[in-house]
Amino acid sequence: KNGAAAFVRIVTADGFGHARLRRVKADLLFANLLEGALYALAPQLARHVAPGGIAVLSGLTETQARAIEARTRAHGFVLKKRIILEGWTTLVIARVNARRVED
C-alpha cells in the first residue's frame, strides 16, 4: 500500500550463502535467530550491513542479548535500542565503521 515493495527484497538463506546475498551491503537487516546462530553470524553481519546500516536482532533472552551485544560491538556495531517484551529482547544495532574482529 505504501509503494515500498519495489525497494524490498526478501530472501531465505542459510546465513549469507544465497547467491543474491554474497555482495549485498544491506541498509536494514532483520534476524530472528537463536543466540548461537547470531553469535556465529556476527562477522558476516559486519560484511553485509552497510556502514550506517541497521540490524534488528531478536529471539533473545536478556542474558543472551548482552552476549550478542558484546559480540556485535567487537565487529563494529553500536547499540541504538534495546526492546524487552514479555521476556524477549530485541537489539537494534548500527554498523558504525568497517572495523571487524576476525574469528
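Worth knowing before you read on, the calculation uses all heavy atoms, side chains too, and leaves out hydrogens, waters and symmetry mates. Just so we're clear, the structure is a prediction, and the values are computed from it rather than from any experiment.
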**OP:** May I ask whether Phe7 and Val56 are part of the same hydrophobic cluster, defined by side-chain heavy atoms of I, L, V, M, F, W, Y residues being less than 4.5 angstrom apart, directly or through others?
**Re:** no
Original post:
Short question: side chain of Lys25, backbone of Arg47 - any donor-acceptor pair under 3.5 Å?
Top reply: yes
Original post:
How far does NZ of Lys81 sit from OG1 of Thr90, to the nearest 0.5 angstrom?
Top reply: 10.5 Å
**OP:** Using the side chain to side chain contact (heavy atoms under 4.5 Å, CB included) rule, pick out the option among Ile68, Leu57, Leu29, Val49 that qualifies with Ile93.
**Re:** Leu57
Original post:
Who pairs with Thr12 by side-chain hydrogen bond (donor to acceptor under 3.5 Å, both in side chains), at least two apart in sequence or on another chain?
Top reply: none
Subject >> Closest non-hydrogen atom pair between His18 and Ala13, with its separation >> reply: CB-CB, 3.5 Å
**OP:** Determine yes or no for a side-chain-to-main-chain donor-acceptor pair under 3.5 angstrom, with His75 supplying the side chain and Ala46 the backbone.
**Re:** no
Subject >> Euclidean distance, Ile84 CD1 relative to Arg82 CZ, rounded to 0.5 Å >> reply: 6.5 Å
Original post:
Does Arg22 reach the main-chain N or O of Gly17 with its side chain, forming a donor-acceptor pair under 3.5 Å?
Top reply: yes
Subject >> N/O donor-acceptor pair under 3.5 Å between His48 side chain and Phe16 backbone >> reply: no
Original post:
Considering residues, nucleotides and ligands other than Leu34, do more than 12 of their heavy atoms fall under 6.0 Å from its CG?
Top reply: no
Original post:
To the nearest 0.5 Å, how far apart are CD in Gln64 and CD in Glu69?
Top reply: 14.0 Å
**OP:** Mind listing the closest non-hydrogen atom pair of Ala94 and Ile54 along with its distance?
**Re:** CB-CD1, 3.6 Å
Original post:
Rounded to the nearest 0.5 Å, how far does OG1 of Thr72 lie from CG of Leu79?
Top reply: 8.0 Å
Subject >> Pairing residues for Asp27 by the side-chain hydrogen bond (donor to acceptor under 3.5 Å, both in side chains) criterion, not counting sequence neighbours >> reply: none
Original post:
Run the side chain to side chain contact (heavy atoms under 4.5 Å, CB included) check on Leu60 and Trp88 step by step: do they pass?
Top reply: CA-CA 6 Å; Leu60 301 164; Trp88 294 102; 5.6 Å; no
Original post:
Do Thr89 and Ile83 come within less than 4.5 Å of each other through their side chains, counting heavy atoms only?
Top reply: no
**OP:** Could you pull out all residues at least two apart from Leu33 that satisfy side-chain contact (heavy atoms from CB on, under 4.5 Å)?
**Re:** Ala31, Ala37, Leu38, Leu41
Subject >> Whether Arg71 side chain and Tyr39 backbone form a donor-acceptor pair below 3.5 Å >> reply: yes
